[in-house]
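Here is the structure we will look at.
Since the model is a prediction, treat every value here as computed from it, not as a measurement.
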Amino acid sequence: GGNWFLAWSRGCPVGLVAAIAEDGRPDERHLVAMWVEPERRGSGAAAALMKTVCEWARVDGAASVTLWVADGNLRARRFYERLGFRSTGERQPLPSAPEISEERMHRPLAPMTGRSGSDPR
């Protein structure tokens, strides 16, 4: 389930992002998948995907977007921090590898202003 968005280059998908509405958190949308082809990392595809999913979340009525980032994934953590995500202090074992911990991050979204195409920050 959730909402999926793809990044395309020359007719081929090169990245994706997915987010869901979480039970019990009506004002949040939770990023559950983010991936960009290794050759496309640093190209702006990831930032465009995040802008798209944050705009979708804002239009869908969310006040914020959350995600989990694994310990040791410094490139991803720095990327999310550049986009305004901050640590919530909440931690848990990574579901796919419980020996690794992950931390929840949160980014508030600007309220709807009535202008279309506005920046979701």
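- Between Glu55 and Arg29, no side-chain nitrogen of the basic residue sits less than 4.0 Å from a carboxylate oxygen of the acidic one, so the salt-bridge criterion is not met.
- With values rounded to the nearest 0.5 angstrom, Leu94 atom CG is found 8.5 Å from Ser101 atom OG.
- Contact detail for Arg41 and Val36: the closest heavy-atom pair is NE-O, 2.7 Å.
- Rounded to the nearest 0.5 angstrom, Ile100 CD1 and Asp71 CG are separated by 8.5 Å.
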- Task: Start with the C-alpha gap between Arg77 and Phe85, add the side-chain angles, then the distance that decides, and say whether side-chain contact (heavy atoms from CB on, under 4.5 Å) holds.
- Result: CA-CA 9 Å; Arg77 177 178 292 280; Phe85 284 87; over 6 Å; no
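- Judged purely by atom type and a 3.5 angstrom limit, Arg40 has no side-chain atom pairing as donor or acceptor with the backbone of Ala45.
- The closest donor-acceptor contact from the side chain of Thr88 to the backbone of Arg104 lies under 3.5 Å.
- Minimum interatomic distance between Ile20 and Gly2 (heavy atoms only, all atoms of both residues): CG2-CA, 3.6 Å.
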- Message: Applying side-chain contact (heavy atoms from CB on, under 4.5 Å) to Tyr80 and Leu31, what does each step give before you reach the verdict?
- Response: CA-CA 11 Å; Tyr80 296 133; Leu31 189 114; 4.1 Å; yes
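- There is a path of hydrophobic side-chain contacts, each under 4.5 Å, that joins Trp4 to Trp35.
- Of all non-hydrogen atoms in Pro93 and Pro98, the two that sit nearest each other are CB-O, 3.6 Å.
- Arg86 places no side-chain N or O within 3.5 Å of a backbone atom of Met105 that could act as its donor or acceptor partner.
- Here the straight-line distance linking atom CD of Glu103 with atom CG of Asn73 works out to 12.5 Å at 0.5 Å rounding.
- Of all non-hydrogen atoms in Ala7 and Leu49, the two that sit nearest each other are N-CD2, 3.7 Å.
- At a threshold of 4.5 Å between side-chain heavy atoms, the hydrophobic network of Ile, Leu, Val, Met, Phe, Trp and Tyr places Met34 and Leu83 in one connected group.
- Atom CE in Met50 sits 6.0 Å away from atom CG in Leu67 (nearest 0.5 Å).
- Scanning both residues, Arg58 and Ala110, for their nearest heavy atoms gives CD-O, 2.8 Å.
- Just one of His106, Arg107, Arg25, His30 meets the side-chain hydrogen bond (donor to acceptor under 3.5 Å, both in side chains) condition when paired with Thr66; it is His30.
- At least one side-chain heavy atom of Glu102 sits under 4.5 Å from a side-chain heavy atom of Pro95.
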- Task: Report the C-alpha separation of Val65 and Leu109 in whole Å, then their side-chain angles, then the decisive distance to 0.1 Å, and conclude whether the side-chain contact (heavy atoms from CB on, under 4.5 Å) test is met.
- Result: CA-CA 7 Å; Val65 173; Leu109 300 173; 3.8 Å; yes
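- Between Glu37 and Pro13, the shortest heavy-atom contact is OE2-O, 4.0 Å.
- Rounded to the nearest 0.5 angstrom, Lys51 NZ and Phe5 CZ are separated by 14.0 Å.
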